[in-house]
Amino acid sequence: MSEIVQKIKDQKIVPLFYNESFEVSKNIIKALYEAGIRVIEYTNRGHQALENFTKLKEISHIEFPSLLLGIGTVKNVQEMDDYAHAKADFIITPVISEALVKHALERNILLIPGCFTPSDINIAYQNGLKLVKIFPADALGKNYIKSVKPVFPGMNFMPTGGIHAETEDIREWLNGGAIAAGLGSSLIGKDINDEELTLKTKNLLQQLNQ
């Protein structure tokens, strides 16, 4: 298991978000970092995504030591190259294809592909990937991972999509075979301020590790 996959497993949640404003994005990362988060997914979901991400990576080693900052919602090889050039620690896709997997392996990029079916998972498995995102998780339900996991020994699963930022909901996914859960708007709501986000995230981490 790679160091990044292990850190995701240890953290149990992976916050994910996008904001057009660099300053807002930086403040959200700071709030999450102060809560104890060390793995974050920024999402490629707007015009400022690449520029913001590049700036965030440039300052992260000074302002957020040991933070692993990856990019999500990458859908093609060009986007993968852009974010690899911006030094993304990992790349998450909403889909999987042989072309994306092959390109990631050739460039030594840690790819976490989005999978929905056993056939999707098998592409990752046959190519030696160790972690897949199950997406959209809420459409598949909490028994899905438990059902497919025995078929793919050694594979790790991270459900994302429709998961509530609540201890009981996340624990159900973890008990069902997930190593972590991706949390978007349920954790980082539009109206939440930085102090509330830090407190909410810190409490969630503490409860999950009890």
Side-chain angles (χ1 to χ4, degrees), residues 4-5 7-22 24-57 60 64 67-75 79-80 82-84 86-96 100 109-116 131-140 145 156-167 169-170 173-174 178-192 194 196-198 200-202 204-205 208:
I4 295 176
V5 175
K7 286 190 175 183
I8 290 172
K9 184 176 182 180
D10 293 342
Q11 190 169 278
K12 296 183 177 65
I13 59 172
V14 175
L16 58 108
F17 78 99
Y18 169 75
N19 193 285
E20 287 285 326
S21 165
F22 167 74
V24 171
S25 298
K26 177 183 171 182
N27 290 339
I28 289 172
I29 288 177
K30 182 180 179 182
L32 293 167
Y33 187 85
E34 289 178 350
I37 292 292
R38 293 297 180 268
V39 183
I40 296 173
E41 173 191 344
Y42 197 69
T43 57
N44 178 39
R45 293 193 177 184
H47 297 299
Q48 291 297 117
L50 181 58
E51 182 178 340
N52 286 351
F53 184 85
T54 302
K55 290 180 182 177
L56 290 167
K57 281 297 297 180
S60 66
F64 312 114
L67 176 69
L68 296 171
L69 184 62
I71 187 72
T73 323
V74 171
K75 299 180 291 294
E79 291 175 349
M80 186 178 288
D82 288 342
Y83 285 101
K87 300 182 180 178
D89 290 302
F90 55 91
I91 290 178
I92 299 181
T93 61
V95 296
I96 187 169
L100 287 172
I109 294 167
L110 176 59
L111 176 65
I112 304 172
C115 296
F116 190 77
L131 174 60
V132 297
K133 176 178 79 169
I134 298 300
F135 176 80
D138 56 345
L140 290 165
I145 294 172
N156 297 284
F157 300 88
M158 181 174 67
T160 304
I163 299 175
H164 301 294
E166 298 169 359
T167 307
D169 195 46
I170 296 166
W173 285 102
L174 297 176
I179 66 162
L183 299 178
S185 58
S186 66
L187 178 65
I188 309 165
K190 289 183 179 179
D191 299 325
I192 195 168
D194 298 337
E196 290 171 342
L197 179 57
T198 297
K200 181 178 180 180
T201 306
K202 185 180 290 186
L204 188 58
L205 289 173
L208 288 171

To the closest 0.5 Å, what do you measure between [atom1] ([X]) and [atom2] ([Y])?
X	Y	atom1	atom2	result
I92	L16	CD1	CG	7.5 Å
I109	I91	CD1	CD1	4.5 Å
S185	H164	OG	NE2	10.0 Å
I29	E34	CD1	CD	12.5 Å
I145	W173	CD1	CH2	6.0 Å
T93	N44	OG1	CG	11.5 Å

Provide the closest heavy-atom pair for [X] versus [Y] in the form atom of the first, atom of the second, distance.
X	Y	value
A35	K202	CB-N, 3.7 Å
P15	V39	CD-O, 3.5 Å
A180	I13	CB-N, 4.1 Å
T73	R45	OG1-NE, 3.1 Å
I112	M158	CG2-CE, 4.4 Å

Heavy-atom distance under 4.5 Å between the side chains of [X] and [Y], does that happen here?
X	Y	result
S186	I163	no
F22	Q48	no
L32	T198	no
L205	K12	no
L56	S25	yes
L50	I71	no
N156	V132	no

Residue pair L204, I170: steps toward the side chain to side chain contact (heavy atoms under 4.5 Å, CB included) verdict: CA-CA 10 Å; L204 188 58; I170 296 166; 3.9 Å; yes
Look at atom NZ of K87 and say whether more than 12 heavy atoms of other residues, nucleotides or ligands are closer to it than 6.0 Å. no
NZ (K200) with more than 12 external heavy atoms under 6.0 Å: yes
Salt bridge between K57 and D89, side-chain N to carboxylate O under 4.0 Å? yes
Aromatic rings F53 and Y42: how do their planes relate, parallel, tilted or perpendicular, breaks at 30° and 60°? tilted
Does L187 form a side chain to side chain contact (heavy atoms under 4.5 Å, CB included) with L197? I'd like the steps, not just the answer. CA-CA 8 Å; L187 178 65; L197 179 57; 4.2 Å; yes
With side-chain contact (heavy atoms from CB on, under 4.5 Å) as the test, pick out the partner of L110 among L68, L131, I4. I4
Where do F17 and I28 land on the side chain to side chain contact (heavy atoms under 4.5 Å, CB included) test, with the steps shown first? CA-CA 9 Å; F17 78 99; I28 289 172; 3.7 Å; yes
Keeping E196 on the side-chain end and I192 on the backbone end, is there a donor-acceptor pair under 3.5 Å? no
So, is the end of the K133 side chain (NZ or CZ) under 6.0 Å from the ring centre of F135 and within 45° of the ring's axis? yes
The test is side chain to side chain contact (heavy atoms under 4.5 Å, CB included); show your working for R38 and Q11 and say whether it passes. CA-CA 8 Å; R38 293 297 180 268; Q11 190 169 278; 4.0 Å; yes
